[in-house]
Amino acid sequence: MGIDVPDQHTLATALTGTRWTRIEVVAETGSTNADLLGRIDAGETVDGTVLISAKQTSGRGRHARVWETPAGQLAVSAAVRVRPDAIVHLGWLSLLTGLAVHDAVSEVAGTALELKWPNDVLAPGRGKLAGILSEFRLIAAPDGGPAGGVAVIGTGLNIDLPAGTAPNTAASIGDLVDGALDQTTVAAAYLRGLSERLDAWPDRIAELAETYREVSATLGSRVRLLLPGDVEVIGDAVDIDDEGRIVVDGPEGRITASAGDVTHLRPAT
Ligand SMILES: Nc1ncnc2c1ncn2[C@@H]1O[C@H](COP(=O)(O)OP(=O)(O)OP(=O)(O)O)[C@@H](O)[C@H]1O
Ligand SMILES: O=C(O)CCCC[C@@H]1SC[C@@H]2NC(=O)N[C@@H]21
């Protein structure tokens with residue numbers, strides 16, 4: 001039996017009018033992020049391209065971790081041109097993508113999900129439904145001016161994970177939905193939302209930050225924040241600022257961090 005894959009034609013029709021002008025669907029690859037980055041490195045123009053695979057054999061997670069993608073899931077990579085003056089705002093790409101995933105999966109699953117800073121989408125009490133890895137390539141300006149580049153925004157969405165194929169902290173969208181779950185519907189909802197969120201980037205970041213704060217389950221929660229360098233801070237997440245950084249009131253005082261791993265210890269009240 002073949003691997004279930006999203007329907008390319010239906011997706012292309014559903015995404016008409018968005019920034020995604022080329023939709024490519026494959027049953028299996030190593031890593032959709034690695035594929036698009038390789039094409040950029042080979043000189044291909046991939047802006048506006050989306051590559052979707054239902055299975056990955058070398059899926060990449062954040063911090064060089066492995067992202068398990070057994071057959072029937074969604075691995076989606078989308079290529080976005082980055083202006084020279086937007087490079088400073090690259091960190092926002094994975095946050096706004098988190099918003100798009102959160103909204104699409106909540107809509108498809110028909111239930112409220114949690115967005116954990118910076119970009120994990122969680123089913124409360126069940127686990128992680130999706131992960132995001134945004135990678136970037138600089139491209140030299142032909143006239144010697146400031147360089148811009150291309151970002152590859154990679155998202156792994158667990159549609160229906162067979163037992164034992166991913167860490168036991170993983171959850172699937174299929175766990176939350178009665179009956180069959182259509183990969184094409186999930187992919188279309190996510191990519192439409194991502195295109196819309198990207199319209200606000202990088203010129204209307206304050207607007208993105210406002211929306212992010214409304215959706216964030218981290219804001220107001222008691223958290224354990226593991227900073228790069230293995231420094232752990234336990235405290236209250238009191239803000240996500242306009243730079244997308246988390247602000248935590250801990251025992252040593254207030255700290256602001258642009259990277260790190262968060263665990264929710266107690267929900268916002
Ligand atoms: N398909 C998958 N679904 C969910 N998690 C996965 C999957 N494949 C690999 N993982 C990874 O397994 C690890 C699970 O560890 P854990 O649940 O402790 O998450 P974590 O420490 O909160 O990490 P992270 O912040 O990266 O999610 C995470 O790094 C997660 O990204
Ligand atoms: O939470 C994480 O650690 C990020 C996981 C990102 C996985 C996606 S699946 C599509 C794209 N291709 C990859 O190899 N990784 C990303």
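Whatever order the structure lists ligands and atoms in, that order sets their numbers, starting from 1.
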- Under 3.5 Å between some N or O of ligand 2 and some N or O of S31? yes
- Item | Numbering as shown, the atoms of ligand 2 that approach R60 to under 4.0 Å (heavy-atom distance) | 5 (C), 6 (C), 7 (C), 13 (C), 14 (O), 15 (N), 16 (C)
- Should you measure from each heavy atom of D120, which atoms of ligand 1 turn up under 4.0 Å away? 24 (P), 25 (O), 27 (O)
- Query: Which residue holds the protein heavy atom closest to atom 12 (N) of ligand 2, what is that atom called, and what is the gap in Å?
  - Reply: Q56 OE1, 3.0 Å
- Is the closest protein non-hydrogen atom to atom 21 (O) of ligand 1 under 4.0 Å? no
- Answer side chain, backbone, both or neither: which part of H63 comes under 4.0 Å from ligand 2, heavy atoms only. neither
- Nearest protein heavy-atom contact for atom 31 (O) of ligand 1: which residue, which atom, what distance? K128 NZ, 3.0 Å
- Under-4.0 Å salt bridge between R83 and D203: yes
- Task: Examine the proximity of ligand 2 to R65 and report which part, side chain or backbone, both or neither, has a heavy atom under 4.0 Å away.
- Result: neither
- What protein heavy atom is closest to atom 10 (C) of ligand 2, reported as residue, atom name and distance in Å? T32 OG1, 3.3 Å
- Query: Is atom 27 (O) of ligand 1 less than 4.0 angstrom from some protein heavy atom?
  - Reply: yes
- Message: So that I can tick it off, tell me whether R204 and D199 are bridged by a salt bridge, with the cut-off set at under 4.0 angstrom between side-chain N and carboxylate O.
- Response: no
- Nearest neighbour in protein (non-hydrogen) for atom 5 (N) of ligand 1: W67 CZ3, 3.5 Å
- Sub-4.0 Å atoms of ligand 1 with respect to non-hydrogen atoms of A170: 3 (N), 4 (C)
- Message: Distance under 4.0 Å to a non-hydrogen atom of T169: what atoms of ligand 1 satisfy this?
- Response: 14 (C), 15 (O), 16 (P), 17 (O)
- Is K116 touching ligand 1 with its side chain, its backbone, both, or neither, if touching means heavy atoms under 4.0 Å apart? side chain
- Query: Is there at least one pair of N or O atoms, one from W67 and one from ligand 2, spaced under 3.5 Å apart?
  - Reply: no
- Query: Out of D35, N33, I132, whose heavy atom is nearest to atom 4 (C) of ligand 2?
  - Reply: I132
- Does K116 come within less than 4.0 Å of D261, counting only side-chain N to carboxylate O? no
- Note on the structure: Under 4.0 Å between heavy atoms, the region of R65 that gets near ligand 1 turns out to be side chain
- Can you find a non-hydrogen atom of Q73 under 4.0 Å from ligand 1? no
- Tell me: protein heavy atom nearest atom 2 (C) of ligand 2, and distance? R62 N, 3.6 Å
- Item | Residue pair S134 / S94, side-chain donor-acceptor N/O under 3.5 Å | no
- Message: Any salt bridge linking E107 with R192? Criterion: basic side-chain nitrogen under 4.0 Å from a carboxylate oxygen.
- Response: no
- Please work out whether any backbone atom (N, CA, C, O) or any side-chain heavy atom from C-beta onward of T69 is under 4.0 Å from ligand 2, and answer side chain, backbone, both or neither. neither
- Message: Give me the nearest non-hydrogen protein atom to atom 1 (O) of ligand 2 as residue plus atom name, then the distance to 0.1 Å.
- Response: K128 NZ, 2.7 Å
- Ligand-side contact atoms (ligand 2) for residue partner S77, heavy atom cut-off under 4.0 Å: 11 (C)
- Message: Less than 4.0 Å is my threshold; does some heavy atom of P167 fall inside it relative to ligand 1?
- Response: yes
